[in-house]
Amino acid sequence: MGASIEYALVQTVNPYTQVPVNVVVATSLIGKYFKPEGENGDFTVIDEKTKVFPWRIITRFSGSQLEEAEYEQLLPFEANSPAVIESITPGAKPFRVLLDSFVTTEDGTGIVHTAPAFGADDYKVGKKYGIGILTLVDREGKFVEGVGEFSGRYVKDYKSQESYVDVNVDIAVKLKKENRAFRVEKYQHNYPHCWRTDKPILYYPLDAWFISTTAIRDKMVALNKTINWKPKSTGEGRFGNWLENMVDWNLSRSRYWGTPLPIWRTEDGTEQICIGTIAQLREELHKSVEAGFVSRDCKKGQADLPQKIEKLLSDLHKPFVDEIILVSPSGKPMHRVPDLIDVWFDSGAMPYAQWGLPDTSSNQFGPLSSENFFQYHALNGKVSAQAFPASFIAEGVDQTRGWFYTLHAIASLLFDSVAYQTVVSNGLVLDKNGNKMSKRLGNVVDPFQTIESFGADATRWYLITNASPWDNLKFDLEGIKEVQRKFFGTLYNTYQFFALYANVDGFSYKETSIVLAQRPEIDRWILSSLHTLIQKVTAAMDDYEPTQAGRLIEDFVDQQLSNWYVRLCRRRFWKGEYSADKISAYQTLYECLETIVRLMAPISPFFSDALFLQLNAVTGRYTAESVHHVNYPVADSSFIDQALEERMQLAQDASSLVLSLRKKVNIKVRQPLQRVLIPVLDPVMQTQLQRIEDLIKAEVNVKSIEYLSADNTFIKKKIKPNFIALGKKLGAKMKAVSTLLSGFSQDQIAMLEKEGQINLQVEGEALVLQLAETEISSEDIPGWTVAGKGKLTVALDITVTPELEAEGHAREFVNRIQKIRKDAGFELTDRVLVKVQAPAGLTNSLASFKTYICDEILADSLEFSNEMAAITTIEINEETIQVQVTKKG
RNA sequence: AGAUCCGUAGCUCAGCCUGGUUAGAGCACUACACUGAUAAUGUAGGGGUCAGCAGUUCAAAUCUGCUCGGGUCUACCA
């Protein structure tokens with residue numbers, strides 16, 4: 001453009017890269033390095049202290065106008081002279097301003113320095129403009145000869161030398177001295193470091209072999225869309241983006257250990273061969289020896305040449321493989337290229353490499369395809385033809401660009417196929433503070449020690465149920481303890497409870513299984529819940545959601561089985577004869593336990609097996625030696641009764657409400673109460689409740705449950721909008737209607753219920769409100785102690801009549817005697833004789849419930865007496881009585 | 001820097017996809033109760049600006065955008 005710019009400001013954080021070929025890339029130039037007060041300042045006086053530099057705007061132009069502008073080399077040396085550059089890259093035109101979009105004006109001056117040999121972006125733009133490439137740093141990390149005083153110095157401290165002087169500082173000093181540095185300052189920035197030694201890494205331009213994966217990018221993207229990713233976002237986001245921006249797969253590795261790249265080429269690189277099989281290599285080796293080349297001791301004309309060649313071929317690792325010299329078509333020697341194959345290639349080739357190549361010479365199956373490949377091996381009995389693609393694989397999310405990619409790439413390349421249908425990309429196990437576990441930081445939890453102290457199953461259960469596999473897990477031993485106590489403890493307790501009574505009664509599931517219809521409702525309920533559980537757990541497992549599956553099992557064991565079924569059924573196990581009802585209880589609980597251990601077996605392989613074996617040892621229902629040899633449970637929908645499960649939920653809620661009312665008025669559960677009142681909003685609800693009212697009565701110790709029908713004006717109701725139904729209809733008027741409804745009188749609610757609709761005036765407009773657009777629930781029953789949850793409201797009659805009080809005394813008494821029995825170490829079945837000395841009131845109470853008491857405490861006699869020998873003092877409802885309990889016989 | 005996940009009670013997590021008016025559970029804590037499953041159990045209580053800001057909407061933990069904080073990956077460790 002004819003103008004000459006004296007200086008351009010350039011920012012770099014790595015001065016050492018300045019030395020080779022200093023070129024600049026600009027997108028725009030901004031004056032942010034100059035303070036406003038310096039504009040048109042005194043150009044003869046520069047105040048170094050205030051850093052106010054005089055400056056003046058001469059002209060404005062965009063960075064693109066500087067494109068191709070030549071500039072004076074910053075640090076000219078012998079080794080980076082234009083002549084040397086020309087000799088390395090003929091026709092190169094260095095020292096020009098280049099443009100690229102990766103430079104922004106947000107940081108620095110908008111001009112950066114680029115070194116094509118030291119980074120991918122730099123390399124790309126350098127290549128585009130043809131500025132040549134220079135490597136002034138050798139493979140040890142030192143400057144090469146010919147860069148003046150810097151020659152031979154390490155650009156970073158690679159030897160951990162105490163005397164190391166940062167060459168970058170010296171370069172900065174030199175630039176400063178030559179008045180070529182505008183400002184030098186310390187700056188913290190990210191620099192890549194070796195993951196193992198923490199030493200700084202240098203980018204280095206090397207020749208490499210690539211697989212042209214970009215050629216099949218579209219195919220890989222399309223195939224990826226058919227893979228079921230867990231979680232989805234990793235497949236669409238992290239992996240999807242990765243594929244969209246994929247570059248060719250660099251197959252070369254410059255290491256010692258690994259698979260040698262099977263390519264031999266002539267020194268000038270004009271002829272080369274890629275060996276596919278050992279047989280081919282053998283053939284080529286023979287040819288080469290024949291042509292007069294010597295590979296190790298394989299020489300033409302030797303008697304035992306075949307043996308020598310076999311010996312050489314028997315180990316194709318480095319360094320032996322590099323002794324093999326092949327011959328090119330034109331008769332030149334070919335040496336193996338020094339590179340190794342990326343180990344990730346091996347991992348990605350796993351599905352096929354593990355079976356080996358088929359014998360393609362017969363061409364039995366036509367061209368190579370996944371079908372043919374696995375067909376071939378299937379015929380040889382090695383593997384099923386359906387073995388590919390894999391149903392699912394799982395690995396850490398850090399494998400997205402590793403194993404997940406290589407499997408996908410190779411399957412796409414070879415067979416136009418996915419390598420796996422589902423992939424679970426696990427999150428990481430972090431320490432309890434959310435940091436990655438690292439040996440260096442010492443925050444690693446030793447898995448073997450954890451398993452030693454808490455058991456593999458508790459550890460597994462914790463890992464699986466605490467967080468979805470793809471979420472990171474904050475590992476905390478407290479969580480394992482909780483699992484032990486909460487889940488395994490409860491399950492084992494339940495089993496022990498079962499075993500205790502099953503042993504007493506000699507239950508071994510020898511009776512025919514009682515048909516469902518003949519089992520009591522509570523048994524049908526737990527079995528219904530059990531089969532619903534099987535359904536849900538199976539669905540979760542099929543959806544690769546083991547966390548959901550585990551949590552469902554946990555919830556069932558704790559909430560339904562232990563704290564409801566067993567608690568409510570306890571009496572059935574210890575009371576009475578070995579009747580049909582008792583057998584039903586045993587069978588039902590047994591079936592639950594047996595199914596649970598089968599369901600949990602994949603997550604908890606040892607505990608489930610132990611429990612299964614204990615159960616099965618008695619009943620012999622299975623001939624299998626292990627729970628893992630038994631099929632996974634299959635839900636039988638004929639067991640599932642949704643209405644039953646719903647009403648049991650009602651029973652649980654109602655009981656919980658009554659118990660909370662008892663608590664509120666401080667009447668203990670052992671004190672019987674007369675009645676509970678439940679308003680029912682519709683006939684279905686009443687039917688549902690009536691069918692489980694015996695359970696509620698027993699659970700909360702009340703004599704009767706009464707129902708108040710919906711039209712009973714006794715109940716106070718409340719109304720609120722059904723937001724989902726009304727929202728669409730009303731839109732902005734929603735608020736007004738909501739306010740209106742909250743002000744509804746009991747009469748208005750009753751009117752709406754009766755008519756099914758009601759006319760309203762909302763913001764001056766008429767509106768017909770339908771019953772279905774509202775939600776009505778009972779709020780209060782005046783004069784009663786009430787509690788509510790959702791649509792359910794219960795009221796409790798808290799009057800304790802003398803009769804009820806007497807029964808309460810009797811129950812207290814039973815409880816005390818049971819404790820004495822237990823303390824005395826009596827067997828569950830021991831009969832006893834009881835003598836009591838009590839105040840008159842209590843004596844009357846106990847006497848009137850004598851049959852009940854004797855039945856409960858297995859007493860053959862209950863006598864009231866004033867003269868007693870060995871006595872125990874007990875307290876019942878703040879009154880003291882004396883008792884004597886002796887074992888009969 | 002880019003990509004992605006996460007952020008809800010002291011702790012671990014549900015709820016979010018598909019917006020609906022008192023945001024749940026377990027643990028821990030406190031109190032009370034229960035006691036032939038007892039190293040178990042029940043009931044109740046305290047504890048939340050749903051990371052923050054803005055937007056969309058009659059209505060936002062939920063949808064959108066931005067910001068902050070944390071994790072992970074970004075091409076020669078496996």
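Basis for what follows: all heavy atoms, side chains included, without hydrogens, waters or symmetry-related copies. Not measured: the values here are computed from a predicted model. In what follows, chains are A, B, ... by sequence order, proteins preceding strands, each numbered from 1.
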Starting at CD of A/Gln671 and ending at P of B/A33, how long is that distance when rounded to a whole Å?
15 Å

Quick one: A/Asp346 CG to B/A78 P, roughly how many Å, whole number?
10 Å

Assign each of A/Lys819 and A/Thr465 to its nearest nucleotide of RNA chain B by heavy atoms, then name whichever residue's nucleotide is nearer the 5' end.
A/Thr465

Residue A/Lys486, side-chain heavy atoms: nucleotide from B/A78, B/G26, B/A37 that is nearest:
B/G26

Side-chain donor or acceptor of A/Ser562 under 3.5 Å from a matching atom on the base of B/A40?
no

Atom-to-atom span, OH of A/Tyr462 to C1' of B/C27 - whole angstrom:
12 Å

Quantified in whole Å, what is the P atom distance between nucleotide B/C13 and nucleotide B/G65?
26 Å

Which nucleotide wins on minimum distance to the side chain of A/Ser656, given the candidates B/U43, B/A78, B/C13?
B/U43

For B/A28, does OP1 or OP2 lie under 4.0 Å from any side-chain N or O of A/Arg485?
yes

Measuring only the C1' atom in each nucleotide, how far is B/G48 from B/A1? A whole number of Å is fine.
36 Å

The side chain of A/Phe497 is closest to which nucleotide in this list: B/C13, B/A75, B/A37?
B/A37

Per A/Arg570 side chain, nearest of listed nucleotides B/A75, B/A37, B/U41
B/A37

I want to verify a distance call: between B/A37, B/G42, B/C13, whose nearest atom is closest to the A/Ala467 side chain?
B/C13

Short side-chain N/O contact from A/Arg255 to OP1 or OP2 of B/C76, under 4.0 Å:
no

Expressed as a whole number of angstroms, how long is the span from A/Arg572:CZ to B/A37:C1'?
16 Å

Taking only the side-chain heavy atoms of A/Val343 (C-beta and beyond), determine which of B/A78, B/A40, B/C27 contains the nearest atom.
B/A78

Could you tell me whether the phosphate oxygens of B/C13, OP1 or OP2, come under 4.0 Å of any side-chain nitrogen or oxygen in A/Asn466?
yes

With both distances under 3.5 angstrom, what nucleotide forms a Watson-Crick or G-U wobble pair with B/U72?
B/A3

So which nucleotide does B/U30 pair with, by the Watson-Crick or G-U wobble rule with both distances under 3.5 Å?
B/A44

For A/Asp555, answer base if it contacts any base atom (sugar-phosphate contacts may also be present), sugar-phosphate if it contacts only those atoms, and nothing otherwise; contact means non-hydrogen atoms under 4.0 Å.
nothing

Rounded to whole angstroms, how far apart are CD on A/Gln559 and P on B/A40?
17 Å

Could you work out the separation of B/C50 and B/G42 based on their C1' atoms and round it to a whole Å?
30 Å

Looking at A/Asn563, I'd like to know whether one of its side-chain N or O atoms comes within less than 4.0 Å of OP1 or OP2 on B/G42.
yes

Closest listed nucleotide, where the reference is the side chain of A/Ser254 and the choices are B/A78, B/A37, B/C76
B/C76

If I take atom CG in residue A/Asp558 and atom P in nucleotide B/A40, what distance separates them, rounded to the nearest angstrom?
13 Å

With both distances kept under 3.5 Å, what pairs with B/A9, Watson-Crick or G-U wobble?
none

Between C1' of B/G26 and CD1 of A/Ile480, the distance in whole Å:
16 Å

At 4.0 Å (heavy atoms only), tell me whether A/Phe404 reaches a base, stays on the sugar-phosphate, or touches nothing.
nothing

